[in-house]
Amino acid sequence: MAEKKIPNLDNATLIKKVTSGTFGDPCGYEEILMRTKNNRYVLVRKGGERSHCPGESIDMIMKADALKWLDIN
């Protein structure tokens, strides 16, 4: 299985950040939508074990999915 490529977010542009709860809240989470210098969209999720996004994930997503995420957040 191919290793998942992690984009370089050092110079990425923050588009929107959504947080719910406080640090350490098992139901709390944070989602950050960013755009890289190469115009790729990245969704970073960090959440407590009982949130809708437990753990941490960094996923490249399509522009259409980024726009959909913006519509619901």
Side-chain angles (χ1 to χ4, degrees):
M1 183 173 199
E3 191 172 315
K4 183 176 170 181
K5 184 178 178 183
I6 302 207
N8 182 353
L9 300 177
D10 292 338
N11 295 315
T13 302
L14 173 68
I15 296 174
K16 186 169 184 178
K17 181 177 183 177
V18 175
T19 59
S20 175
T22 58
F23 183 76
D25 179 358
C27 296
Y29 65 90
E30 176 178 75
E31 294 181 306
I32 305 166
L33 180 63
M34 304 177 91
R35 187 177 64 237
T36 68
K37 290 188 339 183
N38 298 331
N39 287 323
R40 298 187 183 217
Y41 292 86
V42 179
L43 185 59
V44 178
R45 293 178 166 161
K46 302 173 189 174
E49 68 258 6
R50 293 196 313 246
S51 73
H52 76 276
C53 53
E56 182 175 353
S57 66
I58 301 172
D59 298 303
M60 289 193 287
I61 61 174
M62 303 296 292
K63 182 177 182 178
D65 294 327
L67 293 174
K68 187 184 304 182
W69 184 88
L70 283 168
D71 281 343
I72 60 174
N73 286 294

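For the numbers below, each heavy atom of this structure counts, side chains included, while hydrogens, waters and symmetry mates do not. In this chain, residues are counted from 1 in sequence order.
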Taking all heavy atoms of Gly28 and all of Ser51, pick out the closest pair and write down the distance.
->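 Minimum heavy-atom separation between Gly28 and Ser51: O-CB, 3.4 Å.
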For Arg45 and Cys53, which heavy atoms make the closest approach, and how far apart are they?
-> CD-CB, 3.9 Å
Give the C-alpha distance, both sets of side-chain angles, the deciding distance and a yes or no for side chain to side chain contact (heavy atoms under 4.5 Å, CB included) between Val44 and Leu9.
-> CA-CA 10 Å; Val44 178; Leu9 300 177; 3.9 Å; yes
Spacing of [atom1] belonging to [X] relative to [atom2] belonging to [Y], to within rounding of 0.5 Å:
X	Y	atom1	atom2	answer
Lys37	Thr13	NZ	OG1	10.5 Å
Glu30	Glu56	CD	CD	9.0 Å
Ser57	Leu43	OG	CG	6.5 Å

Would one find more than 12 heavy atoms of other residues, nucleotides or ligands at under 6.0 Å from atom CZ of Arg40?
->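 No.
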Is the closest side-chain heavy-atom distance between Thr36 and Asn8 below 4.5 Å?
->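 No, every pair of side-chain atoms sits at 4.5 Å or beyond.
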Quick check on the hydrophobic clustering: are [X] and [Y] connected, directly or via other members, by side-chain heavy-atom contacts under 4.5 Å?
X	Y	value
Ile15	Trp69	yes
Met34	Ile61	no
Val42	Ile32	yes
Leu14	Met60	yes
Val18	Leu33	yes

Criterion side-chain hydrogen bond (donor to acceptor under 3.5 Å, both in side chains) against Glu31, the qualifying member of Lys17, His52, Lys46 = His52
